[in-house]
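Heads up: the structure comes next, in structure tokens.
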Amino acid sequence: MRKWCWRCLICTLLLLNSAHAANPADPGKVVRTVFEASDDGFDMARTQNYYSGWVADAIFETLLTYDYMARPAKLVPNTAEAMPVVADGGKTYTFRIRKGILFTPDPAFKGKPRELTAADYAYAIKRLVDPENRSPSTGFVAGKIAGLDALAAQARKSGRFNYDEPVPGLRILDRYTLRIQLVKPDTNFLYVLAYGGLAAVAREAIETYGSQSGQHPVGTGPYMLKQHVPRSKIVLVANPGYRGYVWGFQPSGDPGDEQIVREMKGKPMPQVGRVEISIIEEEQSRWLSFQEGRVDFDKLPQLAAPVALDGNKLKPEFAAQGIRLYRMVEPEITYTLFNFRDPVTGGFSKEKIALRRAIAMTYNVREEIALLRNNQAIKAEMAVPVGVVGHDPSYRSSIAYEPELASRLLDCFGYKRQPDGYRTTPNGKPLLLKIHTEPNASSMIVSEIWKRGLDRIGIRAEFPVSNFADNLKAATECRLMMWGGAWHADFPDGENFLQLLYGPNAGQGNHGCYQSAAYDALYRKAVALPSGPRRNALYAQMNRQMEADTAWSVHVSRVRNWLVRPWVQGFKKHPILQSDWQYIDVEKH
């Protein structure tokens, strides 16, 4: 018996070592890119920061991911050997995890190789409902997995989350097999499992670094964190233990697909050995960096659209440099939220609803599209954007730009104008809005649009400025009266957007702390249905309820114009995946 175990150990180490040496990335191939706002660490159980997720998706791995080329978005296995075995009418999913996948070496593992197991995914899912984490992604799993809510409730009562407590809906059948049992069928649940917040993390690493785990990400993905200068620079390098893959995606029929396949087919991946990300919040500075050749690909700053574009095409002077344009309407919306716990903007009394409605009616979206977006955006009519299941192209918002009507609405509900032209609340106190914003040119233009509209109806406003990460933290604590945000699809269904307004998610994704019994009832009814017309009709009703309460002022979906230098190969922006460095190549120059 002892001799047999020794042989097994040797075989296991050979398997792990072979995986450890698989990454074909070339350290001399460097991608230089830019983020327009800062991250707030890379522990995705504790943040939904868009830029944090962009990096984290290259460090951590989910069971499932998306086919890089397929449109519409298509799920494929990632660390799972195959798509799951589905049983019990769509309530039970059984995953078999690939053997030999290693976490990057870290002191938390005390010098020993650490293999990915089924328990790591169960642990990651449990972290989302641990009250101590205050995870903004709780809504992705709460109410869905058998026994998980009970464990969270027990933790709230005892003050301690017991990660060793078995959960009926998270069964570890063996080292590599995970069975997830849902309370009821959920047609979006496989999409949820491809979301970065459910990527595997090692319990030893989380317990070693505690509240600093976001600054010490330890994953199994193609890259690992080399340098992190908050609000300035992020450097990733290839994970030497990453197993690699061969580029073999098929064209989906989009323009340029055939060229991408010719460039990339058959290459061992990833090719890029180093990713350098600069945090440049000012659009003018970003544009200058690109023009000087210090950025390999980037979203065209909106202020530069008239300089670089002739309609929907690149101007000849940029095309002559070999720069390519990749253009898409993002599956996203921008909006301004109202805090329903704020004493000025919150509440469901008629005068508070009238105030929020009047405020929303003063925002000129067309002006934003022209002045800020340089016509590189479309007006968002509903909370579910173009390109996402549940979007209704015939839907039209009931909140229009009508400042004169907004002014009369305020008159009707006791918001009286004073001799200086500004209004008081119905109880006679001065009415002052605080619309929180960030220190960049785009935010300044949005603030100016708000101020012009609000001045017309006699509402005084201030615009406190802070960086995005700090504003996001305050929003999770429901401390911002009003704040402009954006949401990009985590998965291609309207549930991903409408959960931002679901009452139980208040403070955990629902940053306006909107809690409407009518909206919540529609939400629960909708997510219980399979994808189709009946659910889409409920999504539209939820939009109407949100408008009736005026929880958000919905603004635009942006048109993204990606400019790509000629030495970058294989670039095609995915509507859901953000981290694309592991799918592309660069020629050394």
Checklist entry - According to the interplanar angle, ranging from 0 to 90°, do the rings of Trp487 and Phe497 count as parallel (below 30°), tilted (30 to 60°) or perpendicular (above 60°)? => result perpendicular
Checklist entry - Any Lys/Arg nitrogen of Glu292 or Arg565 sitting under 4.0 Å from an Asp/Glu carboxylate oxygen of the other? => result no
Item to check | Residue Met328 excluded, over 12 heavy atoms near CE under 6.0 Å | outcome: yes
Item to check | Sequence neighbours excluded, every pair satisfying salt bridge (charged side-chain N to carboxylate O under 4.0 Å, His left out) that has a member inside residues 56-80 | outcome: Glu61-Arg243
Checklist entry - Do NZ/NE/NH1/NH2 and the carboxylate oxygens of Glu330 and Arg558 come within less than 4.0 Å? => result no
Checklist entry - Is a donor on one side and an acceptor on the other found under 3.5 Å between the side chain of Arg96 and the backbone of Leu178? => result no
Checklist entry - Can you list the residues that meet the ring-ring contact (aromatic ring centres under 6.0 Å, His included) rule with Tyr335, with sequence neighbours excluded? => result Trp552
Next on the checklist: Can you pull out every ring-ring contact (aromatic ring centres under 6.0 Å, His included) where at least one residue sits in residues 294-319? Sequence neighbours excluded, please.
Outcome noted: Trp287-Phe318, Phe297-Phe571
Item to check | Backbone N/O of Gln578 and side chain of Lys573: donor-acceptor pair under 3.5 Å | outcome: yes
Item to check | Within residues 227-242 or reaching into it, pairs that qualify as salt bridge (charged side-chain N to carboxylate O under 4.0 Å, His left out) - sequence neighbours excluded | outcome: Arg231-Asp470
Next on the checklist: Using only atom types and a distance under 3.5 Å, with no angle test, would you say the side chain of Thr334 pairs donor to acceptor with the backbone of Val556?
Outcome noted: yes
Checklist entry - Residues two or more places apart in sequence or in another chain: which of them pass ring-ring contact (aromatic ring centres under 6.0 Å, His included) with His228? => result Phe42
Next on the checklist: Could you work out, with side chain to side chain contact (heavy atoms under 4.5 Å, CB included) as the rule, every residue matching Leu529, not counting sequence neighbours?
Outcome noted: Arg534, Arg535, Leu538
Item to check | Side-chain touch Val201/Asp120, heavy atoms, less than 4.5 angstrom | outcome: no
Next on the checklist: For the backbone of Met69 and the side chain of Ser252, can you confirm whether one donor and one acceptor N or O come within less than 3.5 Å of each other?
Outcome noted: yes
Next on the checklist: I'd like to know if the side chain of Glu281 and the backbone of Ala37 have a donor-acceptor N/O pair within less than 3.5 Å.
Outcome noted: no
Next on the checklist: So that I can tick it off, tell me whether Glu368 and Arg366 are bridged by a salt bridge, with the cut-off set at under 4.0 angstrom between side-chain N and carboxylate O.
Outcome noted: no
Next on the checklist: According to side chain to side chain contact (heavy atoms under 4.5 Å, CB included), who are the partners of Ser289, at least two apart in sequence or on a separate chain?
Outcome noted: Ile280, Arg294, Val295
Next on the checklist: So, using side chain to side chain contact (heavy atoms under 4.5 Å, CB included) as the criterion, who are the partners of Tyr245 when residues are at least two apart?
Outcome noted: Tyr242, Trp247, Phe249, Met269, Tyr583
Next on the checklist: Can a donor-acceptor pair be found, under 3.5 Å and without considering hydrogens, that links the side chain of Thr62 to the backbone of Ala199?
Outcome noted: no
Checklist entry - Residues two or more places apart in sequence or in another chain: which of them pass ring-ring contact (aromatic ring centres under 6.0 Å, His included) with Tyr66? => result His574
Next on the checklist: Donor-acceptor pair, distance only, cut-off 3.5 Å: does the side chain of Ser232 make one with the backbone of Val229?
Outcome noted: no
Checklist entry - Taking the side chain from Asp26 and the backbone from Gln271, do they hold a donor-acceptor pair closer than 3.5 Å? => result no
Which donor-acceptor pairs under 3.5 Å do the side chains of residues 299-314 make with protein atoms, sequence neighbours left out?
{"unit_1": "Lys299", "atom_1": "NZ", "unit_2": "Glu36", "atom_2": "OE2", "d": "3.2"}
{"unit_1": "Gln302", "atom_1": "OE1", "unit_2": "Arg373", "atom_2": "NH1", "d": "2.9"}
{"unit_1": "Asn312", "atom_1": "OD1", "unit_2": "Arg327", "atom_2": "NH2", "d": "2.9"}

Checklist entry - For Tyr223, which residues count as a ring-ring contact (aromatic ring centres under 6.0 Å, His included) partner, sequence neighbours excluded? => result none
Checklist entry - Taking side chain as C-beta onward, heavy atoms only, is Val386 less than 4.5 Å from Ile378? => result yes
Checklist outcome for this item: Taken in chain and number order and not counting sequence neighbours, the residues that satisfy side chain to side chain contact (heavy atoms under 4.5 Å, CB included) with Pro136 are Gln48
Checklist entry - If you measure only the distance, is there a donor-acceptor pair under 3.5 Å linking the side chains of Asp39 and Asn49? => result no
Next on the checklist: Any side-chain to backbone donor/acceptor pair from His555 onto Ser553? Under 3.5 Å, distance only.
Outcome noted: yes
Checklist entry - Under 3.5 Å, is there a donor-acceptor pair between the side chain of Asp296 and the main chain of Arg32? => result yes
Checklist entry - What is the ring orientation for Tyr50 with Trp54, classed by angle as parallel under 30°, tilted 30 to 60°, or perpendicular over 60°? => result perpendicular
Item to check | Test item: side-chain donor near acceptor, Asn440 and Ser442, under 3.5 Å | outcome: no
Next on the checklist: Tell me whether Asp580 is salt-bridged to Lys572, with the criterion being a basic N under 4.0 Å from an acidic carboxylate O.
Outcome noted: no
